[in-house]
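Lettering follows sequence order; numbering is per chain, from 1.
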Protein chains: 2
Amino acid sequence: MPVYDVYAKNCPTRMLLDHIADKWTALVLWKISGGPVRFNQLRRDVEGISTKVLSQTLKRLGRDGLISREVFATVPVTVEYAITPLGQTLSEKIEILAEWAETNIEAVLAAQEHFDKAAGDEMGATAAGAANRRLIQAAGMR
Amino acid sequence: MPVYDVYAKNCPTRMLLDHIADKWTALVLWKISGGPVRFNQLRRDVEGISTKVLSQTLKRLGRDGLISREVFATVPVTVEYAITPLGQTLSEKIEILAEWAETNIEAVLAAQEHFDKAAGDEMGATAAGAANRRLIQAAGMR
DNA sequence: CGGCATCCTTATAGATACTG
DNA sequence: CAGTATCTATAAGGATGCCG
């Protein structure tokens with residue numbers, strides 16, 4: 001068994017992390033983990049996703065064994081996506097991330113405000129210079 | 001306190017999730033959480049990242065209050081990036097994700113193989129099949 | 001309804017060169 | 001060393017239309 005290292009460019013774990021650390025993938029998988037969902041339902045629920053991107057995302061998730069796809073012979077046809085046991089274990093980790101986001105959003109927004117204010121204070125108005133100052137100011141964070 | 005919903009397009013939590021669910025951000029933050037690191041050290045450690053992307057990522061992390069930046073007046077100058085308490089809480093969640101990846105990579109690779117075999121059987125050499133095969137090969141570790 | 005195909009517009013990444 | 005600036009290649013994303 002090879003030694004896996006997410007920092008190694010060609011390591012499968014790195015690629016897997018790249019997959020799941022995708023803005024759409026996380027949202028879609030998490031939504032499906034809440035119970036079987038149909039395509040257009042997902043499209044409505046995950047705001048801003050296009051049919052194309054949703055389709056691609058579902059394919060990748062299915063291919064990775066994280067979700068299943070069941071077709072019902074209704075008219076018109078109905079397709080349900082459901083979480084697999086493997087996918088369930090991942091969605092739990094993603095939920096932790098989402099919870100972190102909800103819990104700490106205030107702190108992050110406050111940091112951004114502080115950061116932007118500090119950058120604006122000692123700055124003229126050139127965009128190029130702004131980028132420079134911003135970095136310098138980052139030192140005083142926290 | 002507003003009601004946050006990561007599925008809502010304009011919700012701050014959704015934006016935050018989009019930030020941290022970035023392939024480079026997660027890796028960089030996690031690496032920094034291991035102890036203060038210098039710019040070029042990060043560049044070497046996180047394989048495949050360019051100076052430009054690393055620079056952007058560090059800026060964003062600093063702005064979000066997740067990392068700090070300290071400049072030492074050595075010759076040549078030395079800059080150290082360190083995790084903040086807030087960033088530390090996030091990196092712990094990211095670590096959980098990374099651990100999941102390492103733990104379940106075998107299962108995912110197996111699922112992919114099964115998937116591609118089934119798909120290959122019925123689609124021969126279509127573009128979709130080719131794309132799948134490409135991914136699988138890319139994931140192959142030496 | 002559940003998609004895929006197509007076209008087209010942006011982001012984003014990578015490579016390279018250069019500076020304090 | 002620690003970045004910035006710029007240009008280019010490529011991919012991601014959005015809009016639309018069609019079909020089983």
Distance, rounded to the nearest Å, where B:N40 contributes CG and D:dA2 contributes C1': 6 Å

Euclidean distance, atom CG of residue B:L54 to atom C1' of C:dG14 [Å, nearest integer]: 14 Å

Residue pair B:T51 / B:R43, side-chain donor-acceptor N/O under 3.5 Å: no

B:W24 side-chain N/O to C:dT12 phosphate OP1/OP2 under 4.0 Å: no

Rounded distance in Å - CZ (A:R43) to C1' (C:dG3): 11 Å

Charged N-O contact under 4.0 Å between B:R14 and B:D18: yes

Any donor-acceptor N or O pair under 3.5 Å, side chains A:T78, A:T74: yes

Among A:E70, A:R69, A:R38, the one residue meeting side-chain hydrogen bond (donor to acceptor under 3.5 Å, both in side chains) with A:Y81: A:R69

Under-4.0 Å side-chain N/O to phosphate OP1/OP2 contact, B:Y81 with D:dG3: yes

Distance in angstrom units between B:I32 CD1 and D:dA2 P, rounded: 12 Å

Bending between helix ends of the helix from C:dC1-D:dG20 to C:dG20-D:dC1 [5 pairs per end, 10° resolution]: 50°

Distance-only side-chain donor-acceptor flag, A:Q41 / A:D45, under 3.5 Å: yes

A:E113, CD atom: more than 12 neighbouring heavy atoms under 6.0 Å: no

B:Q56, nearest nucleotide to its side chain (from D:dG14, D:dC1, C:dA13): C:dA13

Under-4.0 Å side-chain N/O to phosphate OP1/OP2 contact, B:S55 with D:dG3: no

A:R69 side-chain N/O to C:dG3 phosphate OP1/OP2 under 4.0 Å: yes

N/O (side chain, B:K23) to phosphate O (OP1/OP2, D:dA11) under 4.0 Å: no

N or O in side chain of A:R38 less than 4.0 angstrom from C:dC1 OP1/OP2: no

Any donor-acceptor N/O pair under 3.5 Å between C:dG14 base and B:K52 side chain: yes

Spacing of A:K59 atom NZ relative to D:dA12 atom P, expressed in whole Å: 13 Å

First of B:R44 and A:T51 reached from the 5' end of DNA chain D, by closest nucleotide: B:R44

Nearest-neighbour nucleotide for the A:V77 side chain, C:dG2, D:dC1, C:dA13 considered: C:dG2

Interatomic distance, A:D18 CG vs C:dA13 P [rounded to whole Å]: 11 Å

Length of the CG-C1' vector between B:L58 and D:dC1, whole Å: 14 Å

Whole-Å gap separating P (C:dG3) and CG (A:L42): 10 Å

Heavy-atom closest pair, residues B:G35 and B:V37: O-CG2, 2.9 Å

Cluster check B:Y7, B:I20: I/L/V/M/F/W/Y, side chain < 4.5 angstrom: yes

